Amino acid sequence: MIDISLIREKPEWVREQIARLGDEKAPIEDILAADARRREIILEVEDLRRRRNESSKQIGGWMGAIKKLENELKLTTTTGQPAGEIESRLNALHQQMDEAKDDTRRLGDRIATLEEELRATEAKIDEKMLWVPNLPHESVPYGPDDSYNIAYQPQGAPLPTFDFEPKAHWDLGPALGIIDFDRGVKLSGSRFYVLRGAGAHLQRAVIQFMLDYHTNNHGYTEIYPPFMVRSAMFVGAGQLPKFVDNIYRDAEEDYMWLGTAEIALTNLHRDEILEESDLPLNYVAYTPCFRREKMSAGRDVRGIKRGHQFDKVEMYKFTTPETSYEHLDLLVKHATDICEALELPYRRIEMVTGDLGFAAAKKFDVEIWAAGCQEWLEVSSASNCEAFQARRANVRYRPADGGRPRHVHTLNASGLALPRVMIAILENNQLADGRIRVPNALRPYMGGKEIIEPID
RNA sequence: GGAGGGAUGGCAGAGUGGACGAUUGCAGCGGUCUUGAAAACCGCAGUGGGCGCAAGCUCACCGGGGGUUCGAAUCCCUCUCCCUCCGCCA
C-alpha cells in the first residue's frame with residue numbers, strides 16, 4: 001500500500017506515476033472522494049463524542065449526589081427530622097438527570113449513525129487502497145512492457161560450446177531416468193513431474209548448497225516457515241486481492257499455499273515495532289511454491305520450467321528506508337554469487353516501469369543460460385518494495401534517536417529458483433553420451449559424485 | 001474431537017459499571033549524587049486518527065467484531081489465538 005497522504009496531497013503526480021506503470025484500474029478518484037468524506041465525518045463524530053463524554057461525566061456526578069441525599073433521607077426517618085427539603089432537591093436532581101440522559105441518548109444515536117457511515121467509508125478506502133500498485137522509484141526507466149527491459153552483458157561462466165548437438169532437459173532427464181514426466185502427470189496432471197534417484201538428490205543438493213552459501217557467506221538467518229498461511233498474509237505481501245486467481249487454497253479453512261516464501265517472510269514481523277539496531281534483518285528460507293498459473297495457460301508446458309509446484313530458496317530483508325537500495329544491490333549480488341559458484345552463465349535485467357509488477361518500486365531479474373533449450377531462464381527476481389508491503393503488514397521500526405515508529409523497507413530475491421537451475425545444470429554440463437557432469441560446488445552435497453549416470 | 005481456564009502498555013502483573021489510557025514492578029530515557037560505575041532518589045515516557053503554520057486541542061484504542069448503558073478494561077454475544085486435561089495421531 002502506498003501512503004494515502006500522497007494521493008491526498010499530490011493526486012496529479014500519483015496519477016502520472018501510475019500511468020507510467022500502465023495500470024489503468026487504480027481507483028484513485030474513488031479514494032479521493034471517500035477520504036474527503038471520511039474527514040468530514042470524523043470532524044462531526046468527534047465533536048459529538050466529546051459532548052457525550054462531558055455529559056456522561058456530569059451524570060455520574062449527579063448520581064453521586066443523589067446517593068448522598070438518599071442516605072441523608074434515610075437518616076431523617078430515624079432522627080425524625082423533616083425530609084421535605086431533601087426530597088424536593090432529590091426530585092430536582094432526578095428530573096435534571098433524566099433530561100440529560102435523554103439528550104445524551106439522542107447524541108449517542110446520532111453518533112451511532114455516523115460511526116456506521118465512517119466504518120463503511122474507511123472499509124471502502126482500505127479496500128480501494130489494496131488495488132493501488134506501488135509507485136516506481138525515480139531511477140526506473142520508462143517502458144510500456146517487458147520488451148523494453150534492459151539486458152546487461154552476460155557474466156560468469158562463458159556460454160558452453162559442444163562438439164555435438166546439446167539436448168534439452170526434457171530429453172536428457174527421462175533418458176537418464178532422473179525425471180519422470182509420465183508418472184508426474186499420472187499423479188497430478190499436466191505441469192507436474194517426478195524427480196527420481198540422482199535427479200531428486202541433485203535438487204536436494206542444490207537447495208542445501210544455496211542455504212549453506214547464504215547463511216555462511218552472506219550472513220542470512222535460515223527460516224523454516226509454514227507452507228500454508230492465512231489469507232491476511234497474502235494481503236500483507238500484496239498477492240491479494242489482485243492475484244486471487246493464482247493461489248491454491250483450502251476449501252474449508254482460511255489457509256492458502258505459499259506461491260513464494262516471500263509471503264510468509266513479509267509477515268514474519270507483522271504488527272511488530274522493531275528496533276533500528278536490529279536492522280537489517282536478513283532471512284533465507286527454502287520452501288516449495290504453489291501457483292495455479294492461470295495467467296500463463298498453455299505457455300512453457302514442456303519440461304520442468306513452469307510447474308504448479310516448485311522449490312525455491314528465497315532471500316528477504318527488512319531495512320531502514322535510507323539503506324534499502326544498497327541492500328537491493330546486495331541481493332542481486334548474492335543471487336549472482338550462486339550462479340558464479342555453480343558455473344552458470346548469467347545476465348542481469350533491469351525492469352522498466354511497465355514490467356515492475358504490483359509491489360516493487362525497483363526490480364532486477366537474473367537469468368541463466370540453458371544450452372539445450374537455447375534460452376535465458378529467469379531464476380531470480382530482486383525487488384525493493386520500499387514501504388509497500390511494510391504498510392500492508394504493519395511492520396515498523398523505532399529510529400535509534402527515539403522518534404516515532406516508521407515503516408521498514410522490505411526486499412526480496414530468489415536465491416535461486418530450483419527447476420530452472422536444474423535445467424541449466426543438466427543442459428550445460430551434458431556429455432556427448434547424455435551423462436551429466438556435476439558442478440564442483442555440488443559434489444560435496446552429492447556424496448562426491450562427479451558424473452550422473454543413467455539409472456534403470 | 002470433548003471439557004475447562006485465559007488474552008491488559010516493551011515484559012511481568014493489578015484492576016469487575018463513573019475521577020482508568022489505566023496501580024505497581026522490571027526494562028528504557030533524562031537528571032541528582034559519584035573520580036567513574038553501581039545503588040539510591042527525582043522526573044519523563046504507549047499506538048493510531050482528526051484539526052492546526054505551530055504551540056496545542058481533540059477522538060479512539062485493555063486480543064478482533066457486535067450488543068446492553070447516559071457511561072464499558074469491567075456485563076452479554078460472537079470470532080481468533082494461547083494454556084491445561086481427556087481422546088486420537090506422525
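What you see is a predicted model, and the numbers here were worked out from it, not measured in a lab. Only heavy atoms go into these numbers, but all of them, side chains included; no hydrogens, no water, no symmetry mates. Letters A, B, ... mirror the listed sequences (proteins, then strands); counts begin at 1.
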Between [N] and [M], how far apart are the two [atom1] atoms, rounded to whole Å?
| N | M | atom1 | answer |
| --- | --- | --- | --- |
| B:G46 | B:G10 | C1' | 10 Å |
| B:G43 | B:G48 | P | 27 Å |
| B:C82 | B:G28 | P | 31 Å |
| B:U24 | B:G9 | C1' | 13 Å |
| B:U23 | B:A45 | P | 13 Å |
| B:G66 | B:G71 | P | 16 Å |
| B:G18 | B:G31 | P | 41 Å |
| B:G15 | B:A72 | C1' | 13 Å |

Would you mind classifying the nucleic acid contact of [X] as base, sugar-phosphate or nothing, using non-hydrogen atoms under 4.0 angstrom?
| X | value |
| --- | --- |
| A:Leu43 | sugar-phosphate |
| A:Arg51 | nothing |
| A:Asp103 | nothing |
| A:Arg8 | sugar-phosphate |
| A:Arg106 | nothing |
| A:Ser56 | base |
| A:Met63 | base |

Search all heavy atoms of [X] against all heavy atoms of [Y] and return the closest pair with its distance.
| X | Y | answer |
| --- | --- | --- |
| A:Arg196 | A:Ile455 | NH1-CD1, 3.9 Å |
| A:Ile247 | A:Trp257 | CG2-O, 4.4 Å |
| A:Arg270 | A:Ala393 | CG-O, 3.2 Å |

Dot-bracket encoding of pairs in RNA chain B, which uses [ ] for pseudoknotted crossings and | for another strand, Watson-Crick or G-U under 3.5 angstrom = ((((((((.[[[..)..(.....]]].(((((.......))))).((((((....)))))).[[[[[..)....]]]]])))))))....

query = Applying the side-chain contact (heavy atoms from CB on, under 4.5 Å) test to A:Val313, which of A:Val206, A:Val421, A:Leu211 qualifies?
reply =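 Per the side-chain contact (heavy atoms from CB on, under 4.5 Å) rule, the option paired with A:Val313 is A:Leu211, out of A:Val206, A:Val421, A:Leu211.
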
task = Among A:Phe318, A:Tyr316, A:Tyr220, find the one that has a side-chain contact (heavy atoms from CB on, under 4.5 Å) with A:Asn282.
result =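 The option that passes is A:Tyr220.
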
task = Could you pick out which residue, A:Arg39 or A:Ser55, lies toward the 5' side of RNA chain B when each is mapped onto its nearest nucleotide?
result =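 Nearest nucleotide further toward 5': that of A:Arg39.
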
request  = Would you kindly compare A:Gly61 and A:Asp47 by the position of their nearest RNA chain B nucleotide and give the one closer to the 5′ end?
outcome  =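 That would be A:Gly61.
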
message = Students should find this one: the first and last nucleotides of RNA chain B, 5' to 3', lying under 4.0 Å from a heavy atom of chain A. What are they?
response =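 With heavy atoms of chain A under 4.0 Å away, the range is B:G18 to B:C81.
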
request  = Would you mind telling me which of A:Asn412, A:Asn134, A:Thr410 makes a side chain to side chain donor-acceptor pair (under 3.5 Å) with A:Gln389?
outcome  =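 Among A:Asn412, A:Asn134, A:Thr410, the one meeting side chain to side chain donor-acceptor pair (under 3.5 Å) with A:Gln389 is A:Thr410.
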
message = Please confirm whether the ring centroid of A:Tyr283 lies under 6.0 Å from the ring centroid of A:His269.
response =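 When the ring centroids of A:Tyr283 and A:His269 are compared, they turn out to be within the sub-6.0 Å range.
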
inquiry  = Please report whether the ring centroid of A:Phe388 lies less than 6.0 Å from that of A:Phe358.
reply    =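 Yes - the distance between ring centres of A:Phe358 and A:Phe388 falls below the 6.0 Å cut-off.
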
task = Tell me, yes or no, whether the heavy-atom count around A:Glu138 atom CD, taken from other residues, nucleotides or ligands under 6.0 Å, exceeds 12.
result =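 Not buried by this count: 12 neighbours or fewer within 6.0 Å.
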
ask   = Has A:Arg292 got its NZ or CZ under 6.0 Å from the middle of the six-membered ring of A:Tyr248, at an angle within 45 degrees of the ring axis?
value =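 Geometry flag: set, cation within 6.0 Å and 45°.
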
